[in-house]
Colleague: 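Pasting a structure here, questions to come.
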Amino acid sequence: VARRLSLRKHPECHSMAGGRAIEHLAQTGSQEQLVFRLPMAQYRNCNFSFSGLLQLVNNAIVQKEKEEGVQEGEILSCVRDVAAAVQHAVTVHIIQRTYRAILFCKKNSILPSKNAALVVSGGVASNQYIRKGLQNLADANDFALLCPPPRLCTDNGVMIAWNGIERLRAGLGVLHSPAGIRYEPK
């Protein structure tokens with residue numbers, strides 16, 4: 001979305017990563033100006049997908065460009081509102097799907113009855129709006145929310161590799177032979 005909005009050209013965002021730029025602009029935008037249908041509403045599972053939302057956002061941006069008479073690549077006057085609406089829709093989607101996962105885990109006794117924790121990492125965990133929403137969800141369900149400091153909320157691949165290193169050092173859950181692993185490439 002940040003790329004489609006050309007936020008690198010925005011004077012306040014030229015040196016920011018896309019997600020950070022969206023969060024920054026959303027702080028002074030109005031999420032009510034644009035409302036995006038939540039992705040995968042017809043599926044009653046815990047999966048996440050943002051491709052449908054991306055298409056809705058792109059269509060809204062094209063419409064706003066026509067209304068404002070601007071070319072693709074130019075900054076829309078409503079860019080803050082678009083950012084706020086996108087950030088809100090993403091957050092609600094994440095919260096809804098995470099809540100379903102919590103209910104599923106509780107129903108199937110997968111989680112401990114006390115001291116349950118919700119761990120959020122990766123780039124999404126650096127967004128304070130999303131963190132606040134997940135904190136509210138965790139509080140409402142008597143969970144601890146655990147997030148690394150924002151400076152450590154980087155690409156999930158890095159976080160997973162770091163976790164693997166720590167587990168290897170501790171000798172926890174590390175397979176030393178791939179012989180028993182069955183996989184099927186897609």
Side-chain angles (χ1 to χ4, degrees), residues 1-103 118-141 143 145 147-156 159:
V1 172
R3 192 174 314 123
R4 180 60 182 86
L5 289 170
S6 302
L7 296 186
R8 290 259 184 225
K9 295 179 181 177
H10 194 284
E12 296 175 30
C13 303
H14 64 88
S15 63
M16 295 179 185
R20 177 69 187 110
I22 293 288
E23 181 180 12
H24 173 76
L25 293 174
Q27 291 173 352
T28 53
S30 172
Q31 67 191 37
E32 292 87 19
Q33 295 301 314
L34 291 138
V35 177
F36 296 113
R37 189 176 69 245
L38 295 178
M40 301 178 65
Q42 70 274 26
Y43 299 108
R44 309 293 285 166
N45 57 35
C46 303
N47 298 336
F48 295 93
S49 176
F50 298 97
S51 58
L53 178 61
L54 182 59
Q55 187 59 47
L56 291 173
V57 172
N58 188 54
N59 292 344
I61 292 169
V62 167
Q63 181 62 37
K64 291 295 183 184
E65 286 171 341
K66 286 179 184 175
E67 289 173 13
E68 294 186 14
V70 300
Q71 298 292 322
E72 182 175 333
E74 294 178 33
I75 303 296
L76 291 167
S77 66
C78 61
V79 69
R80 293 174 190 278
D81 298 338
V82 174
V86 168
Q87 178 177 255
H88 182 72
V90 166
T91 302
V92 171
H93 181 59
I94 290 171
I95 290 168
Q96 284 182 347
R97 296 301 166 141
T98 303
Y99 182 54
R100 283 187 184 155
I102 288 171
L103 293 176
L118 174 60
V119 178
V120 182
S121 66
V124 71
S126 67
N127 182 294
Q128 296 303 307
Y129 187 84
I130 294 173
R131 272 193 195 214
K132 185 176 180 184
L134 289 171
Q135 184 67 64
N136 292 339
L137 175 66
D139 292 345
N141 288 279
F143 275 59
L145 178 67
C147 299
R151 66 182 173 78
L152 297 177
C153 294
T154 59
D155 181 83
N156 275 333
M159 299 297 282

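Residue indices begin at 1 and follow the sequence shown. In what follows, every heavy atom counts, from backbone to side chain, and hydrogens, waters and symmetry copies are set aside.
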Colleague: Give a yes or no on whether Gln42 atom CD has more than 12 heavy-atom contacts from other residues, nucleotides or ligands under 6.0 Å away.
Modeller: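 Counting other residues, nucleotides and ligands, CD of Gln42 exceeds 12 neighbours.
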Colleague: If every non-hydrogen atom of Cys153 is compared with every non-hydrogen atom of Gly122, which pair is closest and at what distance?
Modeller: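 In terms of heavy atoms, the two residues are closest at CB-O, 3.1 Å.
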Colleague: So do His10 and Val79 actually touch side chain to side chain, heavy atoms under 4.5 Å?
Modeller: yes
Colleague: For residues Arg97 and Met40, determine if any side-chain heavy atom of one lies less than 4.5 Å from a side-chain heavy atom of the other.
Modeller: yes
Colleague: Could you tell me which non-hydrogen atom of Ser126 sits nearest to which non-hydrogen atom of Gly123, and how far apart they are?
Modeller: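 Smallest heavy-atom distance, with atoms named: OG-O, 2.7 Å.
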Colleague: Using the side chain to side chain contact (heavy atoms under 4.5 Å, CB included) rule, pick out the option among Val57, Ile130, Val124 that qualifies with Val90.
Modeller: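 Single pass found, and it is Ile130.
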Colleague: Measuring from atom NZ of Lys64 to atom CG of Leu76, what distance do you get when rounded to the nearest 0.5 angstrom?
Modeller: 8.5 Å
Colleague: To the nearest 0.5 Å, what is the distance between CD on Glu68 and CD1 on Ile75?
Modeller: 10.5 Å
Colleague: CG of Leu38 to CD1 of Ile94: how many Å apart, nearest 0.5 Å?
Modeller: 11.0 Å
Colleague: Please report, to 0.1 Å, the donor-acceptor pairs under 3.5 Å made by any side chain of residues 16-24, with sequence neighbours excluded.
Modeller:
residue : atom : partner : partner atom : Å
Glu23   : OE2  : Gln128  : N            : 2.8
His24   : NE2  : Glu12   : OE1          : 2.7

Colleague: Is there side-chain contact between Val120 and Arg131, with at least one heavy-atom pair below 4.5 Å?
Modeller: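 Side-chain contact under 4.5 Å: no.
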Colleague: So Phe48 and Thr98, do their side chains get closer than 4.5 Å, heavy atoms only?
Modeller: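 Yes - at least one pair of side-chain heavy atoms lies under 4.5 Å apart.
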Colleague: Begin from the C-alpha positions of Gln27 and Arg80 and carry the test side chain to side chain contact (heavy atoms under 4.5 Å, CB included) through to its verdict.
Modeller: CA-CA 8 Å; Gln27 291 173 352; Arg80 293 174 190 278; over 6 Å; no
Colleague: How close do Leu134 and Leu145 get, heavy atom to heavy atom, and via which atoms?
Modeller: C-CD2, 4.1 Å
Colleague: Please step through side chain to side chain contact (heavy atoms under 4.5 Å, CB included) for the pair Leu53 and His93, ending with a clear verdict.
Modeller: CA-CA 10 Å; Leu53 178 61; His93 181 59; over 6 Å; no
Colleague: Tell me the closest heavy-atom pair linking Leu137 and Ile95, and the distance in Å.
Modeller: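 Taking every non-hydrogen atom into account, CD2-O, 3.8 Å.
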Colleague: Should Gln96 and Arg100 count as side-chain neighbours, where that means a heavy-atom distance under 4.5 Å?
Modeller: no
Colleague: Do the side chains of Tyr129 and His88 get nearer than 4.5 Å, heavy atoms only?
Modeller: yes
Colleague: Mind checking whether Arg8 and Arg3 have side chains closer than 4.5 Å, heavy atoms only?
Modeller: no
Colleague: Would you indicate whether the side-chain heavy atoms of Leu54 and Val1 approach each other to under 4.5 Å?
Modeller: yes
Colleague: Take Gln33 and Cys78 through the side chain to side chain contact (heavy atoms under 4.5 Å, CB included) test and state the conclusion after the steps.
Modeller: CA-CA 9 Å; Gln33 295 301 314; Cys78 61; over 6 Å; no
Colleague: If you compare all heavy atoms of Leu56 against all heavy atoms of Phe36, which two are closest, and at what distance to 0.1 Å?
Modeller: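 What the structure gives for the nearest pair is O-CE2, 3.9 Å.
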Colleague: Decide yes or no on side chain to side chain donor-acceptor pair (under 3.5 Å) for Asp139 and Gln135, but give the supporting numbers first.
Modeller: CA-CA 6 Å; Asp139 292 345; Gln135 184 67 64; 2.8 Å; yes
Colleague: Ala85 and Leu34: which non-hydrogen atoms are nearest, and at how many Å?
Modeller: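 Between these two residues, the closest heavy atoms are CB-O, 3.1 Å.
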